[in-house]
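Values below: every heavy atom of this structure, side chains too, minus hydrogens, waters and symmetry copies. For ligands, and for the atoms within them, numbers begin at 1 and follow the listed sequence.
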Amino acid sequence: MTVTERRGEVDRRIREACARCGRSPEEIGIIAVTKYVSAAAALEALRCGLPNLGENRWQDAEAKWRAIAEQTEAWPEPERPIWHFIGSLQTNKVKEVVGRFACIHSLDRLSLAQAIDRKAGQLGIKVPCFIQVNVSGEHSKHGLAPEELIDFARTVAPLPNVEIAGLMTMAPYEAEPEETRPVFRGLRLLRDELNQRAVLPSEAKGLSMGMSNDFEIAVEEGATWLRLGTILVGKEEAAQ
Ligand SMILES: *Cc1c(COP(=O)(O)O)cnc(C)c1O
């Protein structure tokens with residue numbers, strides 16, 4: 001299947017999920033997660049109107065990032081890639097990632113927020129970041145414990161070059177996707193609490209949640225960014 005065909009199918013399922021809960025598909029952005037595929041497949045995603053691309057490790061993404069930057073240099077602005085960093089970010093990679101990735105979805109500690117703020121300041125930019133919360137409590141997952149969120153948000157709120165765009169979580173893989181619902185609902189309630197308490201200088205509306213296996217449930221629970229790899233761009237063994 002081509003990316004265009006897969007995208008048609010994903011769009012249809014998003015529309016149906018939206019219809020079930022009274023949302024508009026316009027509220028939902030799609031990040032094509034290209035970590036399992038080659039630069040050629042990532043370019044195919046760009047060509048079929050998916051400018052938002054996601055990678056989770058700079059070491060693995062670098063060659064692809066550079067190849068795509070070169071190939072898209074002369075493209076009109078709206079078609080050019082907008083990169084999202086979605087994986088756990090080592091502090092020593094911040095200098096590579098900030099400036100190349102428009103948005104960071106994995107903010108999970110103060111030292112990382114400070115490093116992002118410093119690098120963004122040097123570049124004269126503000127970086128939208130999602131605070132990653134480990135709603136499920138699985139040991140293998142990164143992110144703050146839910147009860148740490150409010151205090152953490154208070155400590156990062158004053159950083160001038162870090163803009164908290166919302167919250168991010170990963171649900172455990174479930175054979176029955178419906179079982180992820182409490183995780184996504186939990187993230188939405190945490191976001192609402194954060195905004196109710198007015199901890200941040202401006203409202204954080206975003207919810208980065210939902211992957212290939214569970215995106216329809218995430219849509220029903222309020223996702224604003226879906227991070228879709230396998231189902232959208234496929235998975236090539238060699239590209240990993
Ligand atoms: C790999 C990855 C995804 C996409 O995974 P699929 O199940 O292939 O859609 C989404 N989010 C994060 C953080 C990832 O690392």
Problem - Mode of Lys235 contact toward ligand 1 - side chain, backbone, both, neither (heavy atoms, under 4.0 Å) - result: neither
Practice task
Heavy-atom distances under 4.0 Å are what count here, so tell me which part of His105 touches ligand 1: side chain, backbone, both or neither.
Solution key: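 Looking at His105 and ligand 1, no heavy atom falls under 4.0 Å.
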Problem - ligand 1 N/O within reach of Tyr36 N/O, cut-off under 3.5 Å - result: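 It does not: no N or O of Tyr36 is found under 3.5 Å from an N or O of ligand 1.
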Exercise for the section: Report yes if some N/O of Ile86 lies less than 3.5 Å from some N/O of ligand 1; otherwise report no. Expected result: no
Problem - Nearest heavy atoms of Phe85 and Asn56, plus distance in Å - result: CZ-O, 3.6 Å
Fill in the blank from the handout: What one should report as the nearest heavy-atom pair of Cys48 and Val3 is SG-CG1, 3.7 Å
Counting each atom of ligand 1 from 1 as listed, which ones have a heavy atom of [X] under 4.0 Å away?
X      : answer
Met170 : 13 (C)
Asn56  : 15 (O)
Leu228 : 9 (O)

[atom]: which protein heavy atom is closest, and how many Å away?
atom                    : answer
atom 8 (O) of ligand 1  : Thr230 OG1, 2.5 Å
atom 5 (O) of ligand 1  : Met211 CE, 3.5 Å
atom 11 (N) of ligand 1 : Arg227 NE, 2.9 Å
atom 2 (C) of ligand 1  : Lys35 NZ, 2.5 Å
atom 9 (O) of ligand 1  : Ser212 OG, 2.5 Å

Handout entry: Side-chain donor/acceptor of Asn134 to backbone N/O of Glu138, under 3.5 Å
Key = yes
Practice task
Examine distances only and state if a side-chain atom of Lys64 and a backbone atom of Thr34 form a donor-acceptor pair shorter than 3.5 Å.
Solution key: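 At least one qualifying donor-acceptor pair exists.
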Practice task
Kindly check if the number of other-residue, nucleotide or ligand heavy atoms within 6.0 Å of CD (Gln59) is above 12?
Solution key: yes
Exercise for the section: Verify whether one side chain among Asn52 and His84 offers a donor that lies under 3.5 Å from an acceptor in the other. Expected result: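 Side-chain D/A pair, Asn52 to His84: present.
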Exercise for the section: Check the side chains of Arg227 and Ser212 for a donor-acceptor pair under 3.5 angstrom, ignoring hydrogens and angles. Expected result: no
Handout entry: Contact check, side chains of Ile86 and Val33, non-hydrogen atoms, under 4.5 Å
Key = yes
Practice task
For a side-chain hydrogen bond (donor to acceptor under 3.5 Å, both in side chains) with Glu9, tell me which candidate from Arg12, Arg6, Arg7 qualifies.
Solution key: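 Result: among Arg12, Arg6, Arg7, Arg12 is the only option passing the side-chain hydrogen bond (donor to acceptor under 3.5 Å, both in side chains) with Glu9.
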Exercise for the section: Could you establish whether Ile231 and ligand 1 come within less than 4.0 Å of each other, counting only heavy atoms on the residue side? Expected result: no
